[in-house]
Peer 1: 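The following block contains the structure, expressed as structure tokens.
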Number of protein chains: 2
Amino acid sequence: MNEDVARPRQPSMADVARVAGVSAQTVSRALRGSAHVNPDTGRRVLAAVEQVGYRFNSAARALSSGRSLTVGLVLLASGGYYSRSAVTAGVESAADDAGYAVSIATIASLDARRMERALARLADQGVDGLVIAVPLISVTRKMEDITRDIPTVTLDGSRTAGARVIGIDQREAGRIATQHLLDLGHRQIWHLSGPDEWLEARQRREGWQECLALAGIEAPPALEGDWSPGSGYRQGQIIAMIPEVTAVFVACDEMAFGLIRALRERGRAVPEDVSVVSVDDIALASYCTPPLTAVRQDFFGHGAAAVRLLLQDGVTVEPSAVEATLSVRASTAPPRPR
Amino acid sequence: MNEDVARPRQPSMADVARVAGVSAQTVSRALRGSAHVNPDTGRRVLAAVEQVGYRFNSAARALSSGRSLTVGLVLLASGGYYSRSAVTAGVESAADDAGYAVSIATIASLDARRMERALARLADQGVDGLVIAVPLISVTRKMEDITRDIPTVTLDGSRTAGARVIGIDQREAGRIATQHLLDLGHRQIWHLSGPDEWLEARQRREGWQECLALAGIEAPPALEGDWSPGSGYRQGQIIAMIPEVTAVFVACDEMAFGLIRALRERGRAVPEDVSVVSVDDIALASYCTPPLTAVRQDFFGHGAAAVRLLLQDGVTVEPSAVEATLSVRASTAPPRPR
DNA sequence: GGAGGGTATGTTATCGATGACATGACGACA
DNA sequence: TGTCGTCATGTCATCGATAACATACCCTCC
């Protein structure tokens with residue numbers, strides 16, 4: 001009766017079809033650029049879309065096509081702010097380029113229940129793929145049954161059934177950092193690692209150990225932090241009390257900030273008394289005092305590459321293609337001659 | 001015929017219903033804890049859910065109920081890493097608590113087309129609400145027609161039709177920082193602001209100006225950065241050349257890092273020659289050299305509060321309830337007596 | 001004891017897009 | 001000229017959950 005009464009409903013394909021004088025199916029075909037649509041018809045459809053202000057309904061599309069055009073991103077609440085943020089940006093950028101949306105789930109470390117819930121939520125949403133940036137060893141296992149059905153790319157190391165992996169070789173990062181210190185003439189090279197649960201923490205530590213072993217040096221015991229600057233500070237207080245230490249390889253920039261602060265407060269100058277090299281090379285690394293020597297990780301690039309790998313299904317891409325490079329700055333120097 | 005042939009389909013409510021010996025509708029009611037379900041039936045349904053491994057299909061739910069149980073988060077690619085990451089975590093945490101998923105869209109500053117696309121993507125996804133953390137003045141306008149249909153909460157200042165706003169009073173942040181410097185005895189207090197387009201940059205600058213005016217001091221011209229440490233460094237090189245300056249109020253921590261580095265390189269000690277106070281108080285602020293005096297912003301709390309405000313529809317919550325506090329550290333001191 | 005009301009459950013239509021299949025028009029080729 | 005293939009388009013069933021309506025049962029109260 002009253003055709004023009006306010007109806008808050010969004011226009012649907014049927015509305016477009018009515019205006020364009022075609023069937024809804026033709027609208028669908030035209031909009032997806034499918035074959036077998038007369039160019040004229042296509043233009044009419046596009047005009048009608050414009051006219052009625054049509055927006056496609058992704059729920060309906062997901063339901064009928066079985067694909068949600070969404071990728072899930074799983075992050076860990078702990079760990080560096082910088083890396084999380086950059087990885088997220090990279091994932092989102094690549095996903096956007098491919099017309100995909102990104103749905104995030106952050107999990108609190110170690111809490112298996114929350115983790116399962118987060119993954120389950122993404123699974124419920126029907127994400128077409130998962131990017132997992134949670135390289136916790138304990139976590140990887142538990143994810144397997146959920147991720148089995150969903151194409152998955154894992155960032156930085158952990159290995160899930162059927163998942164593909166992308167990331168820099170963390171062992172290599174450890175080696176590069178350690179070798180730099182060896183080249184400067186250091187022999188007492190300590191290590192402040194990330195939590196042992198993290199695969200990348202282990203791998204960096206292994207790189208450090210291997211490199212020392214190759215140089216015929218026995219590795220001192222590794223100290224362990226939790227990636228936070230505060231933990232770097234606490235471990236730095238310990239290291240400051242060991243006079244032999246002339247160099248420290250720190251597993252991430254944020255801990256390095258804390259460690260350097262502790263060393264300075266205890267009267268040990270960086271780099272004069274102790275050289276510090278770390279991993280990540282965040283934006284602030286160039287601007288602290290002293291500017292930090294660090295192995296660079298391209299988080300944004302990793303995130304983007306992970307999505308490309310994920311969506312490019314079938315196509316084989318060589319994983320872990322990103323290289324680690326060293327940014328040499330002022331926090332490292334030859335040891336003081338004695 | 002062959003009932004047990006592999007079918008990769010996820011079990012649906014109908015499958016659950018069959019096993020439980022009830023109708024699909026009853027399953028739906030039982031799962032949503034709806035009234036009028038016999039406790040016994042409820043238990044049977046739950047058991048059947050367990051048995052067949054049922055997971056609800058959010059696309060179908062969204063289609064039929066019109067609600068997607070998803071909130072959209074709009075971020076800006078530029079701006080601090082720390083804040084983005086913390087806001088995201090806060091949003092996601094509160095959303096998760098309420099059973100909502102989070103879909104993100106990052107927009108590149110100033111590019112109206114990308115921005116519209118990002119918002120359109122979220123709208124297409126049928127998000128039930130939007131949290132907008134993009135306080136660009138130029139951007140706010142353009143968002144209005146898209147956000148009109150969707151409940152929206154804006155973080156930090158910008159004001160959209162029908163949107164609610166949450167965040168600390170940025171003017172107040174500027175005042176607190178400036179007053180701290182005045183209290184220490186400074187009179188030549190300069191300001192390095194964020195991009196003029198950002199509402200919060202303007203407001204912090206206005207707070208600084210007002211505070212100086214109240215003290216009977218004419219504000220010097222404000223310098224402008226882009227939030228990055230690099231821009232802080234460049235502007236710091238300029239400030240280092242102006243001997244009168246004894247204090248700088250910097251609009252964010254990351255720029256402060258750059259600025260301090262430039263000052264030190266030019267032989268101006270912090271805080272002996274120049275005091276520096278900034279806004280944000282990121283985790284690294286306590287660990288740089290010197291530790292940074294900063295006005296704290298609780299980004300995580302903001303993000304979480306925004307979501308709560310968004311989902312609590314109908315209920316009136318007083319917006320902008322979060323207070324700014326000053327963390328006094330070693331980057332500020334009384335001016336050198338002359 | 002029949003009307004009225006609440007509870008537990010089933011049936012049917014619907015959301016919006018798409019896949020599968022059907023149809024009509026046109027041209028090519030034997 | 002009749003058959004066949006291709007193109008352009010339409011029709012119908014379907015995805016899975018839910019809203020709206022319908023039904024069957026039991027209880028209470030006048």
Side-chain angles (χ1 to χ4, degrees), chain A residues 7-46 48-49 52-70 99 101 123-128 149, chain B residues 7-46 48-49 52-70 99 101 123-128 149:
Chain A
R7 57 162 180 190
R9 219 185 79 241
Q10 288 276 100
S12 76
M13 273 197 179
D15 301 314
V16 175
R18 206 169 305 123
V19 171
V22 296
S23 76
Q25 183 60 231
T26 300
V27 174
S28 171
R29 277 193 278 255
L31 289 183
R32 281 178 301 159
S34 161
H36 307 320
V37 174
N38 187 306
D40 262 5
T41 311
R43 272 188 290 276
R44 258 205 341 274
V45 168
L46 256 45
V49 162
V52 305
Y54 170 76
R55 326 234 48 178
F56 82 86
N57 179 318
S58 71
R61 167 176 294 190
L63 181 58
S64 76
S65 73
R67 300 188 314 130
S68 61
L69 296 183
T70 299
D124 289 347
Q125 280 190 269
V127 296
D128 294 331
D149 313 334
Chain B
R7 56 160 183 192
R9 218 185 81 240
Q10 288 277 102
S12 76
M13 273 197 178
D15 300 316
V16 175
R18 205 168 307 122
V19 171
V22 296
S23 75
Q25 183 59 228
T26 300
V27 174
S28 171
R29 279 193 278 253
L31 289 183
R32 280 178 301 158
S34 163
H36 307 321
V37 174
N38 188 305
D40 261 3
T41 311
R43 272 189 289 276
R44 255 201 349 270
V45 167
L46 256 44
V49 162
V52 305
Y54 170 75
R55 324 236 48 181
F56 81 87
N57 178 320
S58 71
R61 167 176 293 188
L63 181 58
S64 75
S65 73
R67 299 186 316 130
S68 62
L69 296 183
T70 299
D124 288 349
Q125 280 191 269
V127 296
D128 294 331
D149 312 336

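Keep in mind that this is a model prediction, so the values were computed, not measured. Chain naming here is simple, since letters A, B, ... match the order of the sequence lines and numbering starts at 1 in each.
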Peer 1: Which one, D:dT18, D:dG16, D:dA8, comes nearest to the side chain of A:Asn38?
Peer 2: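 Within the option list, the nearest is D:dA8.
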
Peer 1: Return the value, rounded to whole Å, for the distance between atom CZ of A:Arg43 and atom P of D:dA8.
Peer 2: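 Those two atoms, CZ and P, are 13 Å apart.
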
Peer 1: Taking the side chain of A:Ala60 as its heavy atoms from C-beta onward, which of C:dG10, D:dG16, C:dA17 lies nearest to it?
Peer 2: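 Of the candidates, C:dA17 comes closest.
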
Peer 1: Does OP1 or OP2 of C:dT9 have a side-chain N or O of B:Thr41 closer than 4.0 Å?
Peer 2: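 So the side-chain polar atoms of B:Thr41 do come within 4.0 Å of the phosphate oxygens OP1 or OP2 of C:dT9, strictly under.
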
Peer 1: Quick one: pull up CG in B:Leu63 and CZ in A:Arg61 and give me the separation to the nearest 0.5 Å.
Peer 2: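 Here the rounded value is 13.0 Å.
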
Peer 1: Using whole Å, what does the distance between atom C1' of nucleotide C:dT14 and atom CG of A:Asn57 come to?
Peer 2: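 So the CG-C1' distance, A:Asn57 to C:dT14, works out to 13 Å.
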
Peer 1: Which of the following nucleotides, D:dA17, C:dT18, C:dG10, is nearest to the side chain of B:Gln25?
Peer 2: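 Side chain of B:Gln25 sits closest to C:dG10.
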
Peer 1: Can you see if the side chain of B:Arg44 gets near the phosphate of C:dA8 - specifically, an N or O under 4.0 Å from OP1 or OP2?
Peer 2: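 For C:dA8, OP1/OP2 do not have a side-chain N/O of B:Arg44 under 4.0 Å.
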
Peer 1: Using only side-chain N and O atoms of A:Ser64, determine if any of them is under 4.0 Å from OP1 or OP2 of D:dC15.
Peer 2: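 Answer no for this pair, as no side-chain N or O of A:Ser64 is under 4.0 Å from OP1 or OP2.
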
Peer 1: Whole Å only: how far is the CG atom of B:Asp40 from the C1' atom of C:dT7?
Peer 2: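 Interatomic distance, CG of B:Asp40 to C1' of C:dT7: 15 Å.
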
Peer 1: In whole angstroms, how far is the P atom of C:dG16 from the CG atom of A:Leu63?
Peer 2: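 Distance check: A:Leu63 CG to C:dG16 P gives 12 Å.
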
Peer 1: Does A:Ser28 place a side-chain N or O at less than 4.0 Å from the phosphate oxygens OP1/OP2 of C:dT18?
Peer 2: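 Yes, within the criterion.
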
Peer 1: Between A:Ser68 and A:Gly126, which heavy-atom pair has the shortest distance, and what is it?
Peer 2: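 So the two residues come closest at OG-O, 2.6 Å.
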
Peer 1: Rounding to an integer number of Å, can you tell me how far A:Leu31 CG sits from C:dG16 P?
Peer 2: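 Interatomic distance, CG of A:Leu31 to P of C:dG16: 16 Å.
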
Peer 1: Look at the side-chain N and O atoms of A:Ser23 and state whether any lies under 4.0 Å from the OP1 or OP2 oxygen of D:dG10.
Peer 2: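 Yes, because at least one side-chain N or O of A:Ser23 sits under 4.0 Å from OP1 or OP2 of D:dG10.
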
Peer 1: Can you check the B:Arg18 CZ to C:dG10 P distance for me, whole Å?
Peer 2: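 Those two atoms, CZ and P, are 14 Å apart.
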
Peer 1: If you look at every strand shown and take non-hydrogen atoms under 4.0 Å, does A:Val27 touch a base, only sugar-phosphate, or nothing?
Peer 2: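 Counting heavy atoms under 4.0 Å across all strands, no contact is made by A:Val27.
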
Peer 1: At less than 4.0 Å, is any side-chain N or O atom of B:Arg61 found next to OP1 or OP2 of D:dT18? Yes or no.
Peer 2: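 It does, given that an N or O in the side chain of B:Arg61 lies less than 4.0 Å from OP1 or OP2 of D:dT18.
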
Peer 1: Quickly work out the A:Met13 CE to C:dC15 P distance and round it to whole Å.
Peer 2: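 Distance check: A:Met13 CE to C:dC15 P gives 15 Å.
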
Peer 1: Nearest 0.5 Å, please: how far is CG in A:Leu46 from OG1 in A:Thr41?
Peer 2: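 The OG1 atom of A:Thr41 sits 11.5 Å away from the CG atom of A:Leu46.
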
Peer 1: As a test of reading the structure: which of D:dT9, D:dA17, D:dG16 is closest to the side chain of A:Val37, going by heavy atoms?
Peer 2: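 Output: D:dT9.
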
Peer 1: For a quick test of reading the model: is some side-chain N or O of B:Arg67 closer than 4.0 Å to OP1 or OP2 of D:dA19?
Peer 2: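 Indeed not, no polar side-chain atom of B:Arg67 lies that close.
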
Peer 1: So, does A:Ser65 get its side chain near the phosphate of C:dA17, meaning an N or O under 4.0 Å from OP1 or OP2?
Peer 2: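 Indeed not, no polar side-chain atom of A:Ser65 lies that close.
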
Peer 1: May I ask you to decide if B:Asp124's main-chain N or O and A:Arg55's side chain share a donor-acceptor pair within less than 3.5 Å?
Peer 2: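 The answer is no, because no donor-acceptor pair under 3.5 Å joins these two groups.
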
Peer 1: Looking at C:dG10, does its base get a donor-acceptor pair with the side chain of B:Arg29 below 3.5 Å?
Peer 2: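 Donor-acceptor pair under 3.5 Å: yes.
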
Peer 1: Between A:Phe56 and B:Ala24, name the one whose nearest nucleotide on DNA chain C is closer to the 5' end.
Peer 2: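 On the 5' side of the pair lies B:Ala24.
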
Peer 1: Once rounded to the nearest 0.5 Å, what's the spacing between atom CG of B:Asp40 and atom CZ of B:Arg43?
Peer 2: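 So the gap between those two atoms works out to 5.0 Å.
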
Peer 1: Show your working on side chain to side chain contact (heavy atoms under 4.5 Å, CB included) between A:Thr70 and B:Gln125 and close with a plain yes or no.
Peer 2: CA-CA 9 Å; A:Thr70 299; B:Gln125 280 191 269; 4.1 Å; yes

